[in-house]
Amino acid sequence: MTAIEWVRFLIGSLFLLIGIIMFITELYGVFHFKYVLNRMHAAAMGDTLAISACLLGLMIFSGFNFTTLKLFLIIVFLWFASPVSSHVLARLEIATNEKLSQHCEIYQDVSDLERELADRKKAEANSPADTAKEKEVSAL
């Protein structure tokens, strides 16, 4: 094997290893989280990233040919299909779960959420830790 083939082999193996590690992390999230939307988020993100990393590693192994193009098209399809299917499943869960308020906070109006986030941002800006840092900086 030439040096270029070894570099291709190492980079391809690295991407495959990254994909496998992402799959293991995804499996941990799927079985660790208690609520279905949290499990689904872990599965969707893990699938999208891990499959892409594994297919990218296979593309590097394959070299530049027609198979590489097909693998790239599979990655593009997965990047479009996986988030859409996860979103549809999440909407179905929200529409059919009668005990949703036990697992998350429900806002009837988006302005309530925006107001709460703005208040939280103001509270973080005026937190004692920030004022202590400001005093240290001004003392210097």
Side-chain angles (χ1 to χ4, degrees):
M1 288 178 67
T2 65
I4 294 174
E5 291 173 347
W6 275 105
V7 170
R8 250 182 45 198
F9 175 74
L10 291 175
I11 293 173
S13 299
L14 179 70
F15 275 106
L16 281 174
L17 183 65
I18 289 170
I20 291 170
I21 290 170
M22 285 182 195
F23 275 128
I24 292 170
T25 306
E26 168 197 351
L27 284 174
Y28 175 77
V30 167
F31 290 113
H32 176 72
F33 292 128
K34 292 180 172 80
Y35 185 53
V36 67
L37 291 178
N38 294 341
R39 290 192 307 257
M40 189 176 60
H41 179 72
M45 294 301 291
D47 281 347
T48 304
L49 294 175
I51 290 173
S52 296
C54 287
L55 288 176
L56 189 61
L58 292 175
M59 287 170 61
I60 293 170
F61 281 146
S62 175
F64 189 70
N65 55 23
F66 192 65
T67 304
T68 306
L69 176 64
K70 289 189 263 186
L71 290 172
F72 177 74
L73 291 175
I74 291 171
I75 291 173
V76 170
F77 173 75
L78 288 173
W79 273 81
F80 282 111
S82 183
V84 171
S85 62
S86 297
H87 181 75
V88 169
L89 288 172
R91 298 276 306 224
L92 178 68
E93 170 65 21
I94 289 171
T96 59
N97 191 350
E98 296 172 358
K99 300 177 183 178
L100 186 64
S101 60
Q102 292 176 355
H103 302 286
C104 58
E105 192 170 342
I106 300 172
Y107 293 95
Q108 299 299 328
D109 190 14
V110 176
S111 62
D112 295 337
L113 175 63
E114 291 171 348
R115 194 173 318 112
E116 182 178 322
L117 290 174
D119 292 342
R120 215 179 271 176
K121 189 180 257 188
K122 285 180 189 176
E124 288 175 1
N126 296 330
S127 68
D130 289 340
T131 56
K133 288 179 185 176
E134 289 174 4
K135 289 179 184 178
E136 289 176 11
V137 171
S138 64
L140 295 175

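Hydrogens, waters and symmetry mates play no part in the numbers below; they use all other heavy atoms, side chains included.
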Query raised in the report: So with a 6.0 Å cut-off around CG of Leu117, is the heavy-atom count from everything else above 12?
Result: yes
Query - Side-chain heavy-atom pair Phe23, Asp47 within 4.5 angstrom cut-off - result: yes
Requested in this report: Examine distances only and state if a side-chain atom of Thr48 and a backbone atom of Ala44 form a donor-acceptor pair shorter than 3.5 Å.
Outcome: yes
Query - Asn38 and Lys34, any side-chain heavy atoms less than 4.5 Å apart - result: no
Query raised in the report: For the residue pair His32 and Tyr28, does the interplanar ring angle fall in the parallel (under 30°), tilted (30 to 60°) or perpendicular (over 60°) class?
Result: parallel
Query raised in the report: What are the two closest non-hydrogen atoms of Trp79 and Ser52, and how far apart are they?
Result: NE1-OG, 2.6 Å
Query raised in the report: Does a side-chain heavy-atom distance below 4.5 Å link Phe33 with Met40?
Result: no
Report task. Answer yes if Ile60 and Val76 sit in the same cluster of Ile, Leu, Val, Met, Phe, Trp and Tyr residues linked by side chain heavy atoms under 4.5 Å apart, and no otherwise. Result -> yes
Query raised in the report: Quick check: are there more than 12 heavy atoms from other residues, nucleotides or ligands sitting under 6.0 Å from CZ of Phe9?
Result: no
Report task. Compare every heavy atom of Pro83 with every heavy atom of Leu78, then report the nearest pair and how far apart it is. Result -> O-CD, 3.8 Å
Query raised in the report: Heavy-atom distance under 4.5 Å between the side chains of Arg39 and Val36, does that happen here?
Result: yes
Report task. In plain terms, say whether Arg120 and Glu124 are close enough for a salt bridge, that is, a side-chain N and a carboxylate O under 4.0 Å apart. Result -> no
Query raised in the report: For the residue pair Ala42 and Val30, what are the closest heavy atoms and their distance?
Result: CB-N, 4.3 Å
Query raised in the report: At their closest point, which heavy atom of Ile74 faces which heavy atom of Leu55, and how far apart are they?
Result: CG2-CD1, 3.5 Å
**Report entry** Same apolar cluster: Ile18 and Ile11, side chain cutoff 4.5 Å
**Finding:** yes
Query raised in the report: Is there side-chain contact between Asp112 and Asp109, with heavy atoms separated by less than 4.5 Å?
Result: yes
Report task. Can you see which heavy atom on Gly19 is nearest to which on Cys54, and at what distance? Result -> CA-SG, 3.7 Å
Query raised in the report: Atom OG1 of Thr25 and atom CD1 of Ile21: how far apart are they, to the nearest 0.5 Å?
Result: 7.5 Å
Query raised in the report: Counting N and O atoms only, with roles assigned by atom type, does the side chain of Asp119 sit under 3.5 Å from a partner on the main chain of Lys122, one being a donor and the other an acceptor?
Result: no
Requested in this report: Could you state whether Leu58 and Leu17 fall into the same hydrophobic cluster, counting links through intermediate Ile, Leu, Val, Met, Phe, Trp or Tyr residues with side-chain heavy atoms under 4.5 angstrom apart?
Outcome: no
Requested in this report: Measure the spacing between CG of Asn65 and CE of Met59 and express it to the nearest 0.5 Å.
Outcome: 10.0 Å
Query raised in the report: Transitively linked via ILVMFWY side-chain contacts under 4.5 Å: Trp6 with Phe15?
Result: yes
Report summary line: All heavy atoms of Arg8 vs all of Phe61, minimum pair found to be NH2-O, 3.0 Å
Query raised in the report: Looking at NE2 of His87 and CG of Leu92, how far apart are the two atoms once the value is rounded to the nearest 0.5 Å?
Result: 11.5 Å
Requested in this report: Would you kindly confirm whether Ile51 and Phe80 end up in one hydrophobic cluster when ILVMFWY residues are joined by side chain heavy atoms under 4.5 Å apart?
Outcome: yes
